[in-house]
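First the structure, in the form of structure tokens, and then the observations on it.
For the numbers below, each heavy atom of this structure counts, side chains included, while hydrogens, waters and symmetry mates do not.
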Amino acid sequence: MVNNKLLLRVILKLLTTVSLLWLAYVFTAGFFTSPDSAESFSKIDLSLLKNNQPTYFKINRRELLVIKNQDEHIVFWAQDPVYGCRLEYDNLVIKPVCIDIEYTLDGYNKNKQQKLMKPDYKINSQKELIIF
């Protein structure tokens, strides 16, 4: 017969070892991923956008707000920088849906002294938005 205490000690040591190995993996998993495996940039075609019409694009897990104002493209992340709620565009004003703040097209609110967040981007000659 196998001693019950011995069996419990072995099971406890196995579970402890597995949990310590799991913790070590969780804290070091970032070292094992290759930066080349993730796409370093995203391209979006802007040629079909209409003037003064907001357009939302999904980039990975975030949304991007792009507004074409005459020949200029205005690009912001589509979330408010403080509250995180979605931004909407209405008649030359950008407003979050959850609070009463209005941003100008340059992304600045004078009363609260807040700026909207912009991604690192450039627009090439083929009217493609490249997000880095």
Without swapping roles, check the side chain of N60 against the backbone of R62 for a donor-acceptor pair under 3.5 Å.
no
Linked, directly or transitively: L65 and I123 (ILVMFWY side chains, under 4.5 Å):
no
Spell out, yes or no, whether V82 and V97 are grouped together once hydrophobic residues are joined by side-chain heavy atoms under 4.5 Å, including indirect joins.
no
I want to check a possible cation-pi pair here: R86 against Y56, using under 6.0 Å from ring centre and within 45° of the ring axis as the test.
yes
Roughly how far apart are K112 NZ and D100 CG, rounded to 0.5 Å?
9.0 Å
Does one side chain, of Y108 or Q113, offer a donor that lies under 3.5 Å from an acceptor on the other?
no
Just by distance, do the side chain of N109 and the backbone of E102 share a donor-acceptor pair under 3.5 Å?
yes
Could you pull out the closest heavy-atom pair between P96 and I101, with the gap in Å?
CD-O, 3.2 Å
Evaluate the criterion side-chain contact (heavy atoms from CB on, under 4.5 Å) for residue pair I67 and T55; output intermediate values, then yes/no.
CA-CA 6 Å; I67 303 165; T55 307; over 6 Å; no
Using modelled atom types and a 3.5 Å cut-off, is there a donor and acceptor pairing between side-chain atoms of D90 and backbone atoms of V93?
no
Quick one: are P119 and F132 in side-chain contact, heavy atoms under 4.5 Å?
no
Determine whether I59 and I44 satisfy the following criterion, side-chain contact (heavy atoms from CB on, under 4.5 Å), listing intermediate values before the conclusion.
CA-CA 10 Å; I59 304 291; I44 298 170; 3.5 Å; yes
Shared hydrophobic cluster for L87 and M117 (ILVMFWY, side-chain gaps under 4.5 Å)
no
Look up atom CD1 in I94 and atom CD1 in I74, then write down how far apart they are to the nearest 0.5 Å.
6.5 Å
Testing the basics here: between V75 and K118, what is the closest heavy-atom pair and its distance to 0.1 Å?
O-CG, 3.4 Å
Got a second to check how far L48's CG is from K68's NZ, nearest 0.5 Å?
9.5 Å
Can you measure from OH (Y89) to NZ (K95) and round to the nearest 0.5 angstrom?
14.0 Å
Worked check of side-chain contact (heavy atoms from CB on, under 4.5 Å) between E63 and Q79
CA-CA 8 Å; E63 267 190 310; Q79 290 83 20; 3.9 Å; yes
Give me the atom names and distance for the closest heavy-atom approach of H73 to V66.
CD2-CG1, 4.5 Å
In sequence, state the C-alpha distance, the side-chain angles, and the governing distance for L129 and L64, and then conclude on side-chain contact (heavy atoms from CB on, under 4.5 Å).
CA-CA 11 Å; L129 173 68; L64 198 65; 3.8 Å; yes
Could you grab the distance from atom CD1 of I11 to atom OG1 of T16, nearest 0.5 Å is fine?
11.5 Å
Are any side-chain N or O atoms of N52 and backbone N or O atoms of N69, one a donor and one an acceptor, separated by less than 3.5 Å?
no
Any heavy-atom pair between the side chains of I131 and F57 that's under 4.5 Å?
no
Are the charged groups of D106 and K115 less than 4.0 angstrom apart, N to O?
no
Distance from L116 atom CG to F76 atom CZ, nearest 0.5 Å?
5.0 Å
